[in-house]
Amino acid sequence: MPSPKITWLTTHREAKQCSSTSGKYLTGFYKDDRLIPVITVVVYFGSDTWNAPRSLHEMLSVRDPEILSLVPDYRINLFSPAEIKDEKLDKLQSNLKEVMLFIKYSKDKRKLQELTSQPPPASAHSSSKQPGSLTP
């Protein structure tokens, strides 16, 4: 059974009707093809601030700017509750807000008590929701 990648590539080539001697046939990419971007997000669930590198350049032992200018600097998209102001977390419209606040203040007993003693948001008491329902 062929792999999904090979099946996709064969279908893609057939749709493009490319000759078997073409360099495009070998790569599977054609001049009018476009890629779909992939955005990687790192969610750090620690209660401390992130203290690891945030880019590829920060991980390299090379510090020569001339060499670094030739190496793409892939930065991470970091979501770290400890580094996000409460005002920004308050803009979240799901239970993720409570989870992130709980992580952020997991070492602060007073703040945790304050968070857990607050009544749930009004939307959680909506009469149209059934207990445990995941749908709005």
Side-chain angles (χ1 to χ4, degrees):
M1 177 177 198
S3 75
K5 181 179 178 184
I6 292 172
T7 304
W8 173 85
L9 190 56
T10 302
T11 306
H12 185 65
R13 286 178 180 155
E14 289 169 355
K16 296 291 185 173
Q17 298 176 348
C18 189
S19 69
S20 61
T21 59
S22 171
K24 294 174 187 174
Y25 178 85
L26 294 174
T27 64
F29 286 102
Y30 300 87
K31 186 176 182 176
D32 58 341
D33 286 346
R34 296 295 176 255
L35 298 174
I36 297 171
V38 175
I39 300 170
T40 305
V41 177
V42 175
V43 180
Y44 175 60
F45 288 100
S47 58
D48 297 321
T49 57
W50 178 269
N51 63 1
R54 295 176 186 240
S55 71
L56 181 61
H57 282 193
E58 291 175 20
M59 297 177 75
L60 299 174
S61 60
V62 175
R63 295 289 172 232
D64 183 340
E66 193 171 334
I67 292 173
L68 290 175
S69 71
L70 302 171
V71 178
D73 188 18
Y74 299 103
R75 301 197 56 78
I76 64 170
N77 297 299
L78 180 66
F79 191 80
S80 174
E83 299 175 23
I84 301 173
K85 294 181 189 255
D86 288 1
E87 296 80 32
K88 283 203 171 197
L89 289 175
D90 283 339
K91 292 180 182 180
L92 294 173
Q93 298 293 315
S94 69
N95 291 348
L96 183 60
K97 173 172 66 175
E98 285 79 18
V99 171
M100 293 295 124
L101 286 167
F102 190 83
I103 292 168
K104 180 175 182 174
Y105 294 112
S106 63
K107 292 182 178 178
D108 183 341
K109 288 184 181 183
R110 184 191 58 76
K111 187 67 176 179
L112 274 180
Q113 178 65 37
E114 198 177 295
L115 287 170
T116 56
S117 64
Q118 293 176 357
S123 62
H125 287 72
S126 172
S127 59
S128 64
K129 281 189 167 185
Q130 295 297 318
S133 173
L134 296 177
T135 57

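Just so you know, these numbers come straight off a predicted model, no measurement behind them.
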Out of curiosity, does V42 fall in the hydrophobic cluster containing F45 (side-chain heavy atoms, cut-off under 4.5 Å, transitive links)?
no
For this session: Determine whether more than 12 heavy atoms belonging to other residues, nucleotides or ligands lie under 6.0 Å from atom CZ of F102.
Result: no
To the nearest 0.5 Å, atom CZ of R110 lies from atom CG of L115 at 9.5 Å
* So do the side chains of K88 and E83 get within less than 4.5 Å of each other, counting heavy atoms only? -> no
*Starting from the C-alpha separation in whole Å, work towards a yes-or-no answer on side-chain contact (heavy atoms from CB on, under 4.5 Å) for L89 and K104.*
CA-CA 10 Å; L89 289 175; K104 180 175 182 174; 4.2 Å; yes
d(E58 CD, L60 CG) to nearest 0.5 Å is 10.0 Å
Report task. List the steps and the verdict of side-chain contact (heavy atoms from CB on, under 4.5 Å) for D48 and K107. Result -> CA-CA 9 Å; D48 297 321; K107 292 182 178 178; 2.8 Å; yes
- Item | Connected via hydrophobic side-chain network under 4.5 Å: L68 and L56 | yes
Rounded to the nearest 0.5 angstrom, the OG-CE distance for S80 and M100 is 9.5 Å
Would you kindly confirm whether V41 and I103 end up in one hydrophobic cluster when ILVMFWY residues are joined by side chain heavy atoms under 4.5 Å apart?
yes
message = Do V71 and H57 have side chains that approach each other closer than 4.5 Å (heavy atoms only, starting at C-beta)?
response = yes
Residues S47 and A82: closest non-hydrogen pair is O-CB, 3.4 Å
Are D86 and L101 side-chain neighbours, meaning at least one heavy-atom pair lies under 4.5 Å? yes
**Report entry** ILVMFWY cluster, L92 and Y105 together (side-chain gap under 4.5 Å)
**Finding:** yes
Charged N to carboxylate O under 4.0 angstrom, E87 versus K91? no
Establish whether Y74 and I36 are linked, either directly or via other cluster members, by ILVMFWY side-chain heavy-atom contacts under 4.5 Å.
no
Side chains of Y44 and T49, heavy atoms from C-beta outward: is any pair under 4.5 Å?
no
